[in-house]
Amino acid sequence: MEIVYVYTKKRSEFGRQCNFTDRMAELHINIMPDDSESQNFIPKNPIDIGVQVSKEYSEHEVNTIRFETENRSINHVEGGWPKDVNPLEPEQTIRYRKKVEKDEVYMNTVVQLGSSMEHVIKQNNAIDIYETYFSDMNNEEVEDLPSAKTINVFRDPNPVQRTANHISWYIDGPKKIAASYCNLEFKKARSDACVDSYIWDVENPNKPELTLKPISPLVCIEFNPKDTHVLVGGCYNGQVCIFDTRKGSQPVDISLIEKSHRDPAYRTLWVQSKTGSEFFSSSTDGQVLWWDYRKLQDPIETLILDREKKGDIKNAYGAMSLEYESTMPTKFMVGTEQGYIINCNRRGKSDAEKIAHIYPGHYGPVYSLQRNPFFPKNFLTVGDWTARIWSEEIKEDCIMWTKFHMSYLSDAQWSPVRPGVFFTTKMDGTLDVWDFLFKQNDPTLNIQVCDEPLYCLRAQDQGRLIATGSQSGTITLLELSDNLCTMQRNEKNLVSTMFERETRREKILEGRIRELKLKEKEKAGTIHDEVI
């Protein structure tokens, strides 16, 4: 038998102190045993009973009396007219108003109310309740220290560890990222290794949104800027393949193996075109190939990166990175395996005309190459223990560079929203954020992303989110603080001035070096004549 006691209490008394008093025990109910119920049970002997020492708890529920609400409305209409006056007839209402205004009671009432109304009006005019105080003072914004926080971590579902080599952001907002996975270490690739790559939903790190299944592991992957359902990937065996997310995981088209690269296709980039179907790829076999994914049987165009500009594949530089800026549709740049940077122009009729200039570059392969999105004449490279900034006007050396780090640099990218900020990843698992308007010798922010090498990074177009890929295939998504993704006051002019100043300084140094070399030649020629 369940005994229930219900206590009620006014809502106004909630929260008051409880006053308890002592009183004698009371017996509320006494249930005597019923002998007839024993016939329904069988005695059991012996009996084993388990006893657990535990506290006894009682359950209490408290519920306030439900407060019911209802909606009511009031409709104000014109009223107070006598029954013999129709308020819809203007003549009758005007006649009645004139009659009332001549009444002495009405006139006395208006005079009495006039003084009260005058007092209220003066009060309202004395203080402007909508006045904005201190409007002429500037708001002093407190600048927070640069920072970043980890939002999500996407781990490779495959049990065999593979490196996340390349990341591409979804074009229409920070919703998805595509990542290519491939082991590029010497003699570490296994024949039975998984070849899958994935498209991840940024908000769901537990399972990939789509699994891409190429015939060979993908070294790079890129979303089509004009059709977000289409992606292009460069394979480890040198082929390029096209994926359409609407048609499943398998590639919809693949280039012929005999027409493709001989080495892994390290980079693929979409080219600005009317159809949005053209792209080009590069490889360490020394070739740059242009393609149209509507017809992948043959490349549209081929460029051999011969240092002697003779089109000889034996003397070609191996291409590790590509750079293409849509505002300069005929120009592109190639970072080579030998550390050189090649500036090319597609308008040239021959390979010699297409290769405009070769910059000296780095001591190692150029893993990253990108033009500044605000100043396309200046570009950023990473190829050894330093990151360097170049100008197209200076042919012999870079105009700015970072210090030599203890760890090798693997990737770099400019901030899409701030012209003076760029990011670098290193083999010790750190991500460096450089703001050279604030500091030139050291990074503004150093983030230890993981304890393993980082191989790639990609910043989202809005500049707030950064995705990094590690050696074990883990992709870490980071969010930057507001001061790192918001353009500062007059920043663009200050960066332009800095680039111009450094370019001018390098021109002066180049001219001085040229004069010294000319003097040495003249001196050597004079000594030679004297000996003769």
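When a residue number appears, it is its place in the shown sequence, counting from 1.
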Check your understanding: Which is it for D411 and L454 under the side-chain contact (heavy atoms from CB on, under 4.5 Å) test, yes or no, and what are the steps along the way?
Key -> CA-CA 8 Å; D411 202 357; L454 293 176; over 6 Å; no
Check your understanding: Looking at E301 and K354, does any basic side-chain N land under 4.0 Å from a carboxylate oxygen?
Key ->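 Answer for the salt bridge query: yes.
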Check your understanding: So does E510 pair up with K507, basic N to acidic O under 4.0 Å?
Key ->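 Salt bridge: no.
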Hey, is the main chain of [Y] close enough, under 3.5 Å, to the side chain of [X] for a donor-acceptor pair?
X: S407; Y: M427; value: no
X: Y236; Y: N183; value: no
X: Q488; Y: N483; value: yes
X: D244; Y: V230; value: no
X: N152; Y: V202; value: yes
X: S180; Y: V219; value: yes
X: Q448; Y: D428; value: yes
X: T330; Y: N345; value: no
X: N224; Y: G276; value: yes
X: T268; Y: S281; value: no

Nearest 0.5 Å, please: how far is [atom2] in [Y] from [atom1] in [X]?
X: Q338; Y: I358; atom1: CD; atom2: CD1; value: 10.5 Å
X: T245; Y: L212; atom1: OG1; atom2: CG; value: 9.0 Å
X: N343; Y: I355; atom1: CG; atom2: CD1; value: 10.5 Å
X: S260; Y: N237; atom1: OG; atom2: CG; value: 7.5 Å
X: T468; Y: L457; atom1: OG1; atom2: CG; value: 7.5 Å
X: H362; Y: S368; atom1: NE2; atom2: OG; value: 9.0 Å

Check your understanding: In terms of side-chain heavy atoms, does T327 have a donor or acceptor partner in E325 at a distance below 3.5 Å?
Key ->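 A pair is found: one side chain offers a donor N or O, the other an acceptor, under 3.5 Å apart.
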Review point. Are T386 and H405 linked by a side-chain donor-acceptor pair shorter than 3.5 Å?
Key: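 Looking only at side-chain atoms, H405 and T386 do not form any donor-acceptor pair under 3.5 Å.
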Inspect the surroundings of [atom1] in [X] and state if more than 12 heavy atoms from other residues, nucleotides or ligands are less than 6.0 Å away.
X: K521; atom1: NZ; answer: no
X: R262; atom1: CZ; answer: no
X: K207; atom1: NZ; answer: no
X: R246; atom1: CZ; answer: yes
X: K395; atom1: NZ; answer: yes

Practice item. Report the C-alpha distance between R267 and E323 in whole Å, list the side-chain angles of each, state the deciding distance to 0.1 Å, and finish with yes or no for salt bridge (charged side-chain N to carboxylate O under 4.0 Å, His left out). Key: CA-CA 9 Å; R267 285 292 180 270; E323 206 293 324; over 6 Å; no
Review point. What do the steps show when you test T503 against I394 for side-chain contact (heavy atoms from CB on, under 4.5 Å), and what is the final call?
Key: CA-CA 7 Å; T503 302; I394 305 300; 3.9 Å; yes
Practice item. Quick one: do T430 and T425 satisfy side-chain contact (heavy atoms from CB on, under 4.5 Å)? Show the steps, please. Key: CA-CA 6 Å; T430 59; T425 53; over 6 Å; no
Practice item. Show your working on salt bridge (charged side-chain N to carboxylate O under 4.0 Å, His left out) between K176 and D201 and close with a plain yes or no. Key: CA-CA 5 Å; K176 307 174 187 177; D201 186 344; over 6 Å; no
Does any part of the side chain of [Y], heavy atoms only, come nearer than 4.5 Å to the side chain of [X], both counted from C-beta?
X: I466; Y: F423; value: yes
X: T474; Y: T476; value: yes
X: F379; Y: E392; value: yes
X: M400; Y: F436; value: yes
X: I254; Y: L296; value: no
X: Y266; Y: C220; value: no
X: S410; Y: Y367; value: no
X: T150; Y: L477; value: no

Practice item. Indicate the ring-plane relationship of W390 and Y359, choosing parallel, tilted or perpendicular according to the 30° and 60° boundaries. Key: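 The rings of W390 and Y359 stand perpendicular, inter-plane angle above 60°.
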Taking [X] as the fixed residue, which of [options] is the one that meets the side-chain contact (heavy atoms from CB on, under 4.5 Å) rule?
X: W270; options: L231, V232, D227; result: V232
X: W434; options: T444, L380, T424, L445; result: T424
X: E502; options: N378, I399, I389; result: I399
X: Y181; options: R162, Q161, H166; result: R162

Review point. Can we call the ring centroids of F154 and Y198 under 6.0 Å apart?
Key: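 F154 vs Y198: aromatic centres not under 6.0 Å.
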**Study point:** Centroid-centroid under 6.0 Å between F279 and Y293 rings
**Key:**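 Ring centres of Y293 and F279 not closer than 6.0 Å.
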Exercise for review: Identify, with sequence neighbours excluded, every residue that meets salt bridge (charged side-chain N to carboxylate O under 4.0 Å, His left out) alongside R458.
Suggested key: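 Residues passing salt bridge (charged side-chain N to carboxylate O under 4.0 Å, His left out) with R458: E222.
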Practice item. Could you give me the CA-CA distance, side-chain angles and deciding distance for F332 and W290, then say whether ring pair (Phe, Tyr, Trp, His ring centres under 6.0 Å) is met? Key: CA-CA 12 Å; F332 65 96; W290 281 264; 5.3 Å; yes
Point to revise | Charged tip of R307 within 45° of Y317 ring normal and under 6.0 Å | key: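 Relative to the ring axis of Y317, which defines the angle, R307 lies inside both limits.
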Check your understanding: Given the rule in the ring pair (Phe, Tyr, Trp, His ring centres under 6.0 Å) test, do Y408 and W385 qualify, once you have shown the distances and angles that lead to the verdict?
Key -> CA-CA 5 Å; Y408 211 83; W385 298 270; 5.2 Å; yes
Check your understanding: Does the pair F374 and M487 meet the rule for a side-chain contact (heavy atoms from CB on, under 4.5 Å), with working shown?
Key -> CA-CA 12 Å; F374 297 88; M487 186 178 294; 3.6 Å; yes
**Study point:** D253 vs R294, salt bridge (charged side-chain N to carboxylate O under 4.0 Å, His left out): CA-CA, chis, key distance, verdict
**Key:** CA-CA 9 Å; D253 203 356; R294 297 173 299 179; over 6 Å; no
Practice item. Evaluate salt bridge (charged side-chain N to carboxylate O under 4.0 Å, His left out) for R347 paired with E353, printing each intermediate quantity in order. Key: CA-CA 8 Å; R347 286 184 177 178; E353 295 179 358; over 6 Å; no
